[in-house]
Amino acid sequence: MNRREVIKLGVASVAAGSLGTMGGMPALAQDKLVLKSSDVHPLGYPTVEAVVRMGKKLEAATNGRISVQMFPAMQLGGEKEMIEQAQVGALQMARISVGPVGTIIKDLNVFNMPFVFRSEAHMRKVIDGEIGKEMLEKISANPQTKLIGLCWMDAGSRNVYTKQAVRKPEDLKGIKIRMMGNPLFVDTMNAMGGNGISMGFSELYSAMQTGVVDGAENNPPTYVTHNHHQIAKFFSMTEHLIIPEILVYSRAAWEKLSKEDQSLIKKVAAEAQQEQRKLWDEMVDKSMAKLKESGVTIVTDVDKKAFQAAVKPVYDKYGGDFAELMKRIQAVQ
Ligand code: GTR
């Protein structure tokens with residue numbers, strides 16, 4: 001029995017087939033391929049919209065044979081659960097942050113290093129170039145991941161948000177900041193002066209409400225979309241992490257695809273990488289406007305140099321693993 005997501009057109013069409021051709025119906029039921037895809041963000045969010053558009057392109061290119069069924073807004077759990085579901089083939093695609101993937105593939109952690117990119121524009125050049133290509137291949141080539149790396153997406157810069165302004169490392173003293181599930185991030189927050197608490201994204205809102213954490217760090221669209229700005233009203237532009245997102249495909253499901261379908265999916269994914277960043281830029285502008293309207297204090301006079309100096313222990317601990325890669329990233333202009 002083929003475990004691929006195959007939906008038969010139904011008993012009626014099979015019966016029609018066995019009776020010969022009725023109304024131009026093919027003799028055999030046509031297999032449809034519905035690609036289940038998941039994201040922690042809701043419909044309309046740039047990463048979700050980019051994959052929905054990919055689905056429309058796939059439908060158009062295959063006369064409806066391939067389509068995407070989107071499960072947004074953590075319907076299928078947090079990022080950890082999504083990765084596990086894709087690994088066993090219960091989901092075909094998952095849009096995730098590189099954050100947790102760094103725990104599976106060491107080299108990918110280079111993108112998770114604080115201040116590794118000079119700017120978002122620098123990060124985009126890196127993911128669009130040789131290094132980006134190599135990293136996608138690393139995901140696909142490593143059997144342990146059970147995933148295929150399809151394309152990158154943009155998630156801007158992450159900034160600290162809590163109940164007070166954060167301008168320098170001392171301001172974070174004794175403050176519990178939720179970080180993504182990867183020890184590198186807890187070390188980063190501790191080095192920045194706070195107390196890093198590792199926690200899944202799906203638990204964060206209630207953890208902020210109940211005071212389990214005092215705040216978190218993320219990009220403006222996530223901060224606003226998930227209403228975190230209603231609880232933690234100071235958004236300090238620390239820009240300590242610029243972590244790309246990644247669209248992965250279940251390896252188990254990928255291996256069942258024809259070569260033609262694989263290259264079609266890769267082609268539309270490469271287009272999505274470029275399209276998503278336009279949606280992203282618009283969303284960042286909208287989110288910043290909404291923050292201002294909502295009475296959030298946006299702290300811009302952050303001593304970034306002090307934070308950069310503070311994270312040196314993170315470089316001492318992890319940097320040796322990918323010193324060469326970091327040099328290549330710095331060399332990208
Ligand atoms: C968002 C990202 C999510 C998730 C989240 C988090 O920026 O889009 O995929 O990683 O951050 O902090 O867990």
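All ligand and atom numbering here is 1-based and tracks the order in the structure.
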Worksheet entry | Expected output: side-chain Arg158 to main-chain Glu217 donor-acceptor under 3.5 Å | yes
Worksheet item: Any N/O of Tyr45 closer than 3.5 Å to an N/O of ligand 1?
Response: no
Worksheet item: In terms of atom number and element, which parts of ligand 1 are under 4.0 angstrom from non-hydrogen atoms of Met180?
Response: 6 (C), 10 (O), 12 (O), 13 (O)
Worksheet item: Can you tell me which residue and heavy atom of the protein come closest to atom 11 (O) of ligand 1, and the distance to 0.1 Å?
Response: Asn218 ND2, 3.0 Å
Item to complete: Examine the side chains of Tyr223 and Asn159 and answer whether a donor and an acceptor come within less than 3.5 Å of each other.
Response: no
Practice prompt. For Glu245, take its heavy atoms, then give the atoms of ligand 1 lying under 4.0 Å from any of them.
Written response: 2 (C), 8 (O), 9 (O)
Worksheet, complete the sentence: For His41, the ligand 1 atoms with a heavy-atom partner under 4.0 Å come out as 1 (C), 2 (C), 3 (C), 8 (O)
Worksheet item: Using heavy atoms and a threshold below 4.0 Å, how should the contact between Leu204 and ligand 1 be classified: side chain, backbone, both, or neither?
Response: neither
Worksheet, complete the sentence: Taking only non-hydrogen atoms of Thr222 and a 4.0 Å limit, the atoms of ligand 1 in range are 1 (C), 7 (O)
Worksheet item: Can Asn109 and Asn182 be counted as having a side-chain donor-acceptor contact under 3.5 angstrom?
Response: yes
Fill in: Residue pair Ser38 / Gln75, side-chain donor-acceptor N/O under 3.5 Å
no
Discussion item. Hydrogens and angles aside, do Asp214 and Gln164 bring a side-chain donor and acceptor to less than 3.5 Å of each other?
Written reply: no
Discussion item. For Asp39, which part has a heavy atom under 4.0 Å from ligand 1: side chain, backbone, both, or neither?
Written reply: neither
Item to complete: Provide, to 0.1 Å, the distance between atom 13 (O) of ligand 1 and the closest protein heavy atom, together with that atom's residue and name.
Response: Arg178 NH2, 3.0 Å
Fill in: Protein residue, atom and distance nearest to atom 10 (O) of ligand 1, heavy-atom basis
Glu79 OE1, 3.0 Å
Worksheet item: Would one find more than 12 heavy atoms of other residues, nucleotides or ligands at under 6.0 Å from atom NZ of Lys304?
Response: yes
Discussion item. What I want to check is whether the side chains of Tyr249 and Ser140 have a donor and an acceptor closer together than 3.5 Å.
Written reply: no
